[in-house]
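I have placed the structure first, in the form of structure tokens, so that the comments after it can refer back to it.
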Amino acid sequence: MAAKAASTPTTYSPSPTTQKTKPSFFKNDNVDWVRPDGRGFHQCRPAFFRTGAVNAAAGSAYAEFGNTKVIVSVFGPRESKKAMMYSDIGRLNCNVTFTTFATPVRGQGSDDKDFSSMLHKALEGAIMLETFPKTTVDVFALVLESGGSDLPVVISCASVALADAGIMMYDLVTSVSVSCLGKNLVIDPVLEEESYQDGSLMLSCMPSKYEVTQLTITGEWSTAKINEGMQLCLDACSKLAKIMRSCLKEAASASED
Amino acid sequence: MLGLSLGEKQFIKGGIAQDLRSDGRKRLTYRPISVETGIIPQASGSARVRMGATEVIASVKAELGRPSPLQPDKGKVAIYVDCSPTAEPTFEGRGGEELSTELSVALQRCLLGGKSGAGAAIDLSSLVVIEGKICWDLYIDGLVVSSDGNLLDALGAAIKAALSNTGIPRANVASGASGDGQPEVDISDEEFLQFDTSGVPVIVTLTKVGKHYIVDATAEEESQMSSAVSISVNRQGHICGLTKRGGAGLDPSIILDMISVAKHVSEQLINKLDSEIAAAEADEEES
């Protein structure tokens, strides 16, 4: 909206060009779903990672996958609270929160409690807890904008942040989700696709070890579809791991200069 | 849970490797399951399931409510699990909250299907009374009374039995109701809608100990697990939900193998459960 600074201010009227059309209900099984951002069914969004987003934290990372923007900071290893029992391996504490403006409806941070425990489960298999006994590593994830496929992005960003913090891990954890829309399998769904999905498969794995740390499936799937979905996710995870590694290497070489 | 000595741990692991568990079962054998229905008169439907020493109660309450504006032609279902301190003293207060949340989320994933409603155990559109205004809200509550491992399977079975025991009263809409005001709904006393629970999936949890998987682990066996996969399978053999629990990583081929083992085991479990539920309903009618 061009503001005419010289003329007297009239009452505010919204620009007619920014019309948001409501998406129609996708009920037709015969019509093939066309993805809103024009990607192919097996194509992921371009991934952007940057470490060192938060100065105060031991390690941090910012990730942007299309419209999903996430920032993760890692604090630790810090002294465990006195109330907790002595433990000769370290502890991992994860927390995922949504900003109130992350979702189209204000304050509708979906499944917060659930995300925190799922992030914990995805990461605990990869971290060498024995290297920091009696202490706790805190991972705090904040979803700035929820554009679909939020938890996988949070998990991948958290591994980059942990690597940035220097926490010893067996491997990076990457995560990708696949949505089932009618008979099509669509990888890395956006928010609109997630709301129409018939089922979803989310996989977190350690690509170099070729091990799955977390797998959740909702909806009705036949074994062949699960196989296909898992293969898609595993391929995408290994490609994503390469991107994460190159980001970490860039950050490391930049700090050396 | 009492601590296990090194010798006991070795005994459990070694037994599983040789297909002979501590209570004499084979790896893929369930403990004897007993089902009672209609135990809670205040609820629309209820059931109590015992698997060995694990005992859980599920109750279904139907109340009238407003449908969500995003899906005006569907009713709502909410699943909550409460771990009672009678099962374990650590469950008192906030202690059992983490486990309760994990179980609730896993059950929701298995029974409610995808966002569009595909693969759901219950047909949500059958719960609507007046589209956009009044629908039935189903509150499914699970209570863990005694915990000896395999809570998820027992809760899944209890919910299946409770749903088959559920009767939603017939709601008659008074004709001549105004368009905007709250319509008059008369709830009759005769039970009307009974759910068809042949489509409700069962949950099979496969616990990996060492190199082998066992079904229906006791609490001792669960303490030795490296990871567990809970798979919900319906009568057609389709997977309706899957959750991997436990920290260790699993090779993808092992997961696919677990899925096929789960499908095989689920057939027997579904038949066993259906016959137990039918027997329990028959008992309830006689008494």
Side-chain angles (χ1 to χ4, degrees), chain A residues 25-27 29 92 105 111-118 120-127 129 170-171 173 179-182 189 193-206 209-227 229-231 233-234 237, chain B residues 68-71 73 97-121 199 201 226-234 236-264:
Chain A
F25 257 96
F26 172 69
K27 283 212 195 256
D29 273 337
L92 178 66
V105 175
D111 309 319
D112 268 8
K113 255 197 277 188
D114 183 27
F115 277 23
S116 304
S117 71
M118 291 177 81
H120 184 278
K121 290 207 196 107
L123 293 175
E124 69 177 342
I127 300 182
L129 292 168
Y170 292 110
D171 192 6
V173 180
S179 256
C180 176
L181 289 168
E193 290 164 342
E194 276 185 343
S195 62
Y196 296 143
Q197 68 188 4
D198 289 330
S200 78
L201 185 155
M202 190 197 82
L203 185 142
S204 314
C205 74
M206 294 193 275
K209 293 184 79 183
Y210 202 63
E211 262 181 23
V212 171
T213 55
Q214 195 187 45
L215 176 63
T216 50
I217 299 184
T218 58
E220 198 171 334
W221 295 66
S222 61
T223 316
K225 248 195 183 161
I226 294 185
N227 210 341
M230 278 177 68
Q231 273 310 114
C233 287
L234 288 166
C237 280
Chain B
S68 128
L70 298 168
Q71 287 177 322
D73 59 341
E97 199 180 306
E98 199 187 307
L99 181 60
S100 308
T101 325
E102 189 188 326
L103 291 170
S104 309
V105 165
L107 285 167
Q108 277 169 356
R109 187 175 295 132
C110 292
L111 296 172
L112 297 182
K115 281 255 174 73
S116 72
S226 56
S227 51
V229 177
S230 298
I231 303 168
S232 145
V233 190
N234 69 8
Q236 283 81 33
H238 290 166
I239 313 292
C240 298
L242 189 153
T243 316
K244 177 190 172 296
R245 290 147 51 208
L250 281 180
D251 198 85
S253 56
I254 294 188
I255 295 185
L256 291 168
D257 191 33
M258 279 176 150
I259 292 177
S260 62
V261 168
K263 274 165 75 169
H264 171 70

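Since this is a predicted model, take the numbers as computed values, not measurements. Scope of the values below: all heavy atoms of this structure, side chains included, with no hydrogens, waters or symmetry mates.
Here the OG1-CD distance, from A/Thr218 to B/Gln108, works out to 11.5 Å after rounding to the nearest 0.5 Å. For the atom pair CD (A/Gln214) and OG (B/Ser227), the distance works out to 12.0 Å, reported to the nearest 0.5 Å. Note that the CG atom of A/Leu215 and the CD1 atom of B/Ile255 stand 5.0 Å from one another [nearest 0.5 Å].
Open room surrounds CD on B/Glu98; 12 or fewer heavy atoms of other groups in view lie less than 6.0 Å from it.
Inter-residue side-chain proximity for B/Thr101 and A/Ser117 is flagged as unmet; no heavy-atom pair is nearer than 4.5 Å.
Between chain B and the residues A/Val212, A/Leu234, A/Asn227, the most heavy-atom pairs under 4.5 angstrom are made by A/Val212. Of all the listed residues (B/Ile259, B/Thr243, B/Leu256), the one sharing the greatest number of non-hydrogen pairs under 4.5 Å with chain A is B/Leu256. If you tally non-hydrogen atom pairs under 4.5 Å between each of B/Pro252, B/Ser260, B/Ala106, B/Ala248 and chain A, the highest count goes to B/Pro252.
Residue contact with chain A, scored on non-hydrogen atoms closer than 4.5 Å, involves the side chain of B/Glu102 exclusively. Both the backbone and the side chain of B/Leu250 come within contact range of chain A, with heavy atoms under 4.5 Å apart. For A/Leu201, no part sits under 4.5 Å from any heavy atom of chain B, backbone or side chain.
The nearest pair of heavy atoms linking A/Glu211 to B/Gly249 is OE1-CA, 3.3 Å. What you find for B/Arg109 and A/Asp114 is that their closest heavy atoms are NH2-OD2, 4.2 Å.
A/Lys121 contributes no side-chain N or O that, together with a main-chain N or O of B/Arg245, makes up a donor-acceptor pair within less than 3.5 Å.
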